[in-house]
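Everything below concerns the one structure shown next.
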Amino acid sequence: MLSVSVVFTVSAGDFTLPLIQNVNAYETCSLNGDWNYIVDVQEEGYYDYRMKPTAWGFFRNAKPQKPEDLIEYDFDKSPTMKIPSDWNTQDERLFFYEGTVWFKKSFLAVPMKECRTLLYFGAVNYDCHVWVNGKKAGHHVGGFTAFNFDISDLLIDGENTVIVKVDNKRHAEDVPTQIFDWWNYGGITRDVKLVKVDSVYLEDYDLHLKKAANKSKVREIAFTARINTKESGHKVEVYFPELKLKQQLITDAQGQVNGTLKVAAKKLQLWSPENPKLYRVDLSVDISTISDEIGFRTIETRGKQILLNGKPIFLKGISIHNEKPNGGGRANSVEDAHTLLSWAQELGCNFVRLAHYPHHEEMVREAERMGILVWSEIPVYWTIAWTNPQTFANAKQQLTDMVARDHNRANVIIWSIANETPHSAERDKFLGGLAKYAHTLDNTRLISMAMEVTGASNYVNRLNDNMNEYVDVVSFNQYIGWYRDVNDAPKMKWEIPYNKPVIISEFGGGARYGFHGSKNQRWTEEFQENLYIENTAMLDKIDGLAGTTPWILKDFRSPRRVLPGVQDYYNRKGLVSDKGEKKKAFFVLKKWYETK
Ligand code: GCU
């Protein structure tokens, strides 16, 4: 909650609330498990035959009351699938399916006067409408960010029903837009839960270490918090038992508090990959008390260096998609996260680029526990509808929600606002606006985006991108040895005219695990191995190189990869196969990182 000015508007039939911070700290009731579903290709359950939204839609969960009643759907007789998941890997008929699927879950509840009930979704891809007991709770767009509704006044005593219409069809004005190199997994892909909160609760709070001169004896922790009502006079307390640090503050008319806690520098262990120290903190407002685990570190740049806790660091990274470690399907558990991150640590990584959209919360928190720094990104990917104000509002909302969920995570150091976007004045205006907004949202982290090499001739590669002004770290993707200049990496020179740290946010090439041959034979492990040998040597020559996140940790599903017997709808640039088998190039990168 670094920036206080996030405006929040709700309309009739929309019980959306600002995203609750640290949802798992509250008393919750999971709605994960079997949900009935109805595949509705023509949205029969939402529109009438004149394509007008109908009042008799599937959200009514209607049942025939009299023998002559005509109800042409029945959730309870419809199949079930496990939620959270994507429908593509749960029902083989839906492997390629893009369209609408309806979901229904019944649950028992007792409305409670003294507290509120939120309905929380970790993520739903892409466009979802939610009803509780036939009444509209709200609507959400964007497949990778969490959202919640206050359903207290929609609940009845006894059996309640939540119905969700999910549509993952792609449109030019969406974020991401129509084409992207990952599987368009549809559905309720992350946890669903009922959250019990007191009538006054901490909607958001932020705790971070202020930058300080080296060797300063006292460190300052900035503490800001916002309660769910714009009321003054509420007592907010923050308490670090291990540091014996406590502060009480009273909310102002905006329902906010702002304080600074002082601690002796020698008492405070700073969070770092070598020592991912987290401190338990108890936070309360009036009678509502929650706990969290917070790490303290500073991140900044100095010229072409990235400084973690005031010391230069080289970001030994890898890019990852939010896909299960074995086979396909959306990752959504701490186990999925731990397996993927353990492979990254085996590579010698201290950093991961979570591409190209916010990953599930457990991924970020598990990385924080494991001492892995994070680059988190919103899916402003390739050719977005730059001049469409709804598209900009959508991208801005996804950025807001990404920061809202993870701004207390010490390991998150870079917010990325885009990937491989074509140069134009419209693009510059769009991304410039987003970058400025990102800086206002969070001035304690670095802002970047994945740019592209803009010119190459006679083995001289140039980066010339107007966006360099808006970012703290200049990052770009390059595919020398794969999409261009095979075996020419050793000859390459670089012109990057910016006094900022450089991250190579993607490089790499494909290989089918177990396919062996000469290093000049595409798709062999030897080709990929050689590409990594040549690229890592080339990267060592780049002035200001502060890190890299090769593309990619694991082979991942993509509808754009159709080569039979090789790709079979997988992008094969992983260093690990879709079955978790390590390719030869894995060990080249591991060896290189040992030198860093
Ligand atoms: C691009 C893009 C990735 C894609 C990769 C590839 O750079 O950012 O999303 O998967 O290239 O071509 O494999």
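Small disclaimer: the values here were computed from a predicted structure and weren't measured. We count ligands from 1, going down the list as the structure has it; atoms in each ligand are counted the same way.
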(request) Could you pull out every protein residue that has a heavy atom closer than 4.0 Å to ligand 1, ordered by chain and then number? (result) Asp181, His356, Tyr381, Asn419, Glu420, Asn477, Tyr479, Tyr483, Glu506, Trp551, Phe556, Arg561, Asn571, Lys573

(message) Under a 3.5 Å distance rule, please check whether Asn571 uses its side chain to pair with a backbone N or O of Ser558 as donor and acceptor.
(response) no

(request) Look at the side chain of Thr454 and the backbone N and O of Asn464, then say whether any donor-acceptor pair between them is shorter than 3.5 Å. (result)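 Such a contact is found between Thr454 side chain and Asn464 backbone.
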
Quick one: do [X] and [Y] make a salt bridge, cutoff under 4.0 Å?
| X | Y | result |
| --- | --- | --- |
| Arg462 | Glu495 | yes |
| Arg409 | Asp406 | no |
| Asp86 | Lys324 | no |

(request) Step by step, work out the salt bridge (charged side-chain N to carboxylate O under 4.0 Å, His left out) result for Arg365 and Glu362. (result) CA-CA 5 Å; Arg365 283 193 178 254; Glu362 287 77 8; over 6 Å; no

